[in-house]
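Encoded as structure tokens, the structure appears first; notes follow it.
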Amino acid sequence: MSKTDRGRFLEDFRLGETLIHAVPRTITSGDVALYTALYGSRFALFASDSFARSMGLPGAPLDPLLVFHSVFGKSVPDVSLNAVANLGYAEGRFLAPVYSGDTLSATSEVIGLKENSNGRTGVVYVRTTGRNQDGADVLSYARWVMVRKRDTDAAVETHVPELAASVPAAGLAVPQGLSAAAFDPALAGTRHFWEDYEAGERIDHVDGMTIEEAEHRLATRLYHNTARVHFNSHAERGERFGRCIVYGGHIISLAHGLSFNGLAGSLGVAAINAGRHVAPCFAGDTIYAWSEILERAALPGRSDLGALRLRLIAAKDRPCHDFPDQIGTGYDPAVVLDLDIWTLMPRRGAT
Amino acid sequence: MSKTDRGRFLEDFRLGETLIHAVPRTITSGDVALYTALYGSRFALFASDSFARSMGLPGAPLDPLLVFHSVFGKSVPDVSLNAVANLGYAEGRFLAPVYSGDTLSATSEVIGLKENSNGRTGVVYVRTTGRNQDGADVLSYARWVMVRKRDTDAAVETHVPELAASVPAAGLAVPQGLSAAAFDPALAGTRHFWEDYEAGERIDHVDGMTIEEAEHRLATRLYHNTARVHFNSHAERGERFGRCIVYGGHIISLAHGLSFNGLAGSLGVAAINAGRHVAPCFAGDTIYAWSEILERAALPGRSDLGALRLRLIAAKDRPCHDFPDQIGTGYDPAVVLDLDIWTLMPRRGAT
Amino acid sequence: MSKTDRGRFLEDFRLGETLIHAVPRTITSGDVALYTALYGSRFALFASDSFARSMGLPGAPLDPLLVFHSVFGKSVPDVSLNAVANLGYAEGRFLAPVYSGDTLSATSEVIGLKENSNGRTGVVYVRTTGRNQDGADVLSYARWVMVRKRDTDAAVETHVPELAASVPAAGLAVPQGLSAAAFDPALAGTRHFWEDYEAGERIDHVDGMTIEEAEHRLATRLYHNTARVHFNSHAERGERFGRCIVYGGHIISLAHGLSFNGLAGSLGVAAINAGRHVAPCFAGDTIYAWSEILERAALPGRSDLGALRLRLIAAKDRPCHDFPDQIGTGYDPAVVLDLDIWTLMPRRGAT
């Protein structure tokens, strides 16, 4: 038995320790094609080398969410194999673009620990950093998960980290070389620029996408995410939901893909301020999405592009024309995701 | 609402206008692998760099049908998002080979409009052109679709274009550099050359391929085709068929993949003369196919290869040993596709 | 009819003849991404260009099992299209690493024939060799299949080849340039080296993976494997199992992917000594796996890595904590695969 890994329990984490995650992985144009096939994402900067070159980059970078899933997946065997729930994200920043052929690796620092009052579970807070083959940081984010204890009597250190409510716009990283001066809205499929969005505006992304079991499994394996709840229908038949749960990141990418219809000019997610997987999703669910513009922020020294902070909300089996949302301290029962992100968007003056 | 695109209705089209389609996309070896995984296509020229080099090309070009789907997909948001039916194709010509790493973009000219007598729908005719990153035309074809009117009272221009019944063999484009002088029939999996096919000959392609929901959705998203009927099972439950419809192009590629068994020497589709999606397909359907050789044409100045014009007919849940076909003005109820194409085929004398 | 291939029957094989298989195929990073998405395989040498370079290779080679499936697939139309059963493998050796961009082709020599006493079927033995675009052998293996006769009265030559019970460790090929001197166990996700495994040791790989119809079909088409039983649900409804059978190699790769949990240090399969597909698998089955270490062998002149011979056993819908195995002359009814392989593994002294 000792050869196999059954994951860490709460008492196995030490405050301040750094976990080196296996396995580095080279992300290629094969991953990009699969990402497109899985989510139908159409944002031009990530779809076209020509378009990306016209905007100052050497070629099309990977969609930042593909980078996120690839880094996140590596952390699963060390952080969340025995997780009960993925509780939240904060301070997520995409720090440098990643290109096909780059190799991603990841480490996580344990930044917080707290036992729950039931004595059987607790919360682990980690800050995960993804790096490319040159050792440059490409992504950093905090997340916290509820993890089981192996031994209810084991002592657990307690420290709850302070995490920012959002990444300041001035702290967003614009990919080196990126310029929206030559942004072509017709090729990008939009008529709307940064100036056209207003705080408080709500956008129904209209379309819905139904999840197939094969799809979310292909995706989740591609990301080297090993959480058992996604793959083993035989074992899940005897568990709480009676079937496999879809990786939460799959829902993020589906919702983000749908958001093209309304946010087609986006130059990608620049930060994840906060995020909650409000309810689990399963094969057969149809994902709809809407966005609320929270803030429109200029970026220091940039007249070509700005940042939009928005909530991306996903609901299942329910169109979003009336914007299902929080209700009191809970949510409309159809809501499955409430994600707070910054995206970069070309400014009208630039073109 | 104004931020989201709900597609054009009949009265939104203007005769002679050019629609610039979003989004340019770089097609890579990832797309090629997915295309192979989706259809099992085995035509050697598109499967092997070595084989393609032995025939004078710099490497394996993309299967022309992958190019077709990629260009077609771009036109969907502007042309057929509110389409009731995809009525036909004509004058489709593959003009230059496309290679992994090329970026495809597309425009469509509105070449015809006609309101139906019911006043609620009409027909739009477009000529769509696909281009590579150098601006070279790689594909041109006409198609016409039945589209809803938003406002039954709106005026609609009327012009029905004259479209050729077929592309003349002399007008077929042979990929630059391609020579069948060194064609290796054993590696290509064939014993049959251009001379071995006769007009009137019928070939049962024997095998059948069952469609899974995940497969046609992966394919259709890969092509950036956004037609809602393919993806949203929740919404389709309340529509005419109660479930998602498979993209017609998926059936074309399945049938073409099956046609390897009987036409293995093919150097690819060179033209689409005409095509009808006779009946819709759904997940769970099994596609069989047969071909009828319509014409064998020499190509000007070429002794190494010739052209075969053939009908590729697909049927569902019905083997094709007895060639299900047109019956009077209709079709055998199993037929789902009737496609009239030119393919290039090595001549025996060349080897 | 003469244009289509319906496969060879027993009496169509000639002892000593060489079958040239169609179609050469260039394996790319697209295939690698699909392989990862299908099996979630995480062995670092095959996942990361950086990791592979640190071990002396020019980049990440293809997983040897992907090479095996690609070569095997080519042999199907010529060897096993009319096979009743895939009976066994022997003397399988991976002779040279294969890289993205290499083009694989294959031939098979008929090394044995034997009619069964029923007069309706018999066994064909072939030795299949896979080669790259330079003509270098990359893989060689023997397999034997039960094939139908077309004509029960036809005469069949009889010769049963002698095949080695296993490949000798001294005959294993280590990829040129590969050194485990700089092997990083943390990045590879392991704490265990060659020295840590003992003959007789059993390892439960813990996790299970459920098969979806779309997944095994994508895989099998990617390998150009044309066996009808995998693809045509319509025809299989009337056959023995009433549904499509999963390609046996798909089970091998699923089990091998699961074996990461316990054998994460593996540098890949170096040889296939023997293999039996004990029972068929179908969509919906969940595959579990366990391994038994058969032998630990030093390699001549190598202090950095050694070889482990192991049995990889897969079972369906049954966890393997109690190691389901042979029972008398048969098997535990859950067992579906019993594969005897050599893998390469870093030695502790090397790091």
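We name chains A, B, ... by the order of the sequence lines, and we start the count at 1 in each one.
Between A:Thr4 and C:Asp204, the shortest heavy-atom contact is CG2-O, 2.8 Å. The nearest pair of heavy atoms linking C:Ala33 to A:Gly30 is CB-C, 3.4 Å. Smallest separation of non-hydrogen atoms from A:Gln133 and C:Ser50: CB-OG, 3.3 Å. In terms of heavy-atom proximity, C:Ala47 sits nearest to A:Pro24 at CB-O, 3.7 Å.
Around the CZ atom of A:Arg150, the shell of radius 6.0 Å holds more than 12 heavy atoms that belong to other residues, nucleotides or ligands.
Residue contact with chain C, scored on non-hydrogen atoms closer than 4.5 Å, involves the side chain of A:Thr28 exclusively. Proximity to chain A (any heavy atom under 4.5 Å) is restricted, for C:Arg318, to the backbone atoms N, CA, C and O. Looking at C:Tyr288, only its side chain comes within 4.5 Å of chain A, counting heavy atoms on both sides. With a 4.5 angstrom heavy-atom cutoff, A:Ser100 does not touch chain C via any of its atoms. Using a 4.5 Å cut-off between heavy atoms, C:Glu201 touches chain A through its side chain atoms alone. Neither the backbone nor the side chain of A:His230 comes within less than 4.5 Å of any heavy atom in chain C. Contact annotation for A:Ala235: both backbone and side-chain heavy atoms come within less than 4.5 Å of a heavy atom of chain C. Of the atoms belonging to C:Ala188, it is backbone heavy atoms, and not side-chain ones, that fall under 4.5 Å from chain A. If you measure heavy-atom distances from A:Arg25 to chain C, the contacts under 4.5 Å come from both the backbone and the side chain. For chain A, no part of C:Thr190 is nearby; none of its heavy atoms comes within less than 4.5 Å.
Under the 4.5 Å side-chain criterion, counting only non-hydrogen atoms from C-beta, C:Phe43 is not in contact with A:Val23. Put simply, the side chain of C:Leu263 does not reach to within 4.5 Å of the side chain of A:Lys3, judged on heavy atoms. The shortest side-chain heavy-atom distance between A:Lys74 and C:Arg42 does not fall under the 4.5 Å cut-off. At a threshold of 4.5 Å between non-hydrogen side-chain atoms, the residues A:His234 and C:Pro319 count as touching. Using a 4.5 Å heavy-atom cutoff, the side chains of A:Leu218 and C:Glu212 are not in contact. Put simply, the side chain of A:Arg6 does not reach to within 4.5 Å of the side chain of C:Asn261, judged on heavy atoms.
By the side chain to side chain contact (heavy atoms under 4.5 Å, CB included) test, A:Phe282 is found to be paired with A:Phe241, A:Arg243, A:Ile245, A:Pro280, A:Asp285, A:Lys316, residues two or more places apart in sequence or in another chain being considered.
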| field | Intermediate values then yes/no, side chain to side chain contact (heavy atoms under 4.5 Å, CB included), C:Leu34 and A:Leu34 | value | CA-CA 8 Å; C:Leu34 268 165; A:Leu34 268 166; 4.1 Å; yes

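How far CG of A:Asp5 is from CZ of C:Phe260: 9.0 Å, rounded to the nearest 0.5 Å. Between atom OG1 of residue A:Thr226 and atom CG of residue C:Leu258 there is a gap of 11.5 Å, rounded to the nearest 0.5 Å. In this structure, A:Asp31 CG and C:Thr36 OG1 are separated by 7.0 Å, a value rounded to the nearest 0.5 Å.
Side chain of C:Thr286 to main chain of A:Asn232: no donor-acceptor pair is present (N/O by atom type, distance under 3.5 Å, no hydrogens or angles).
Across C:Gly257, C:Gly40, C:Ser29, C:Ser48, the residue that shares the most heavy-atom pairs under 4.5 angstrom with chain A is C:Ser48.
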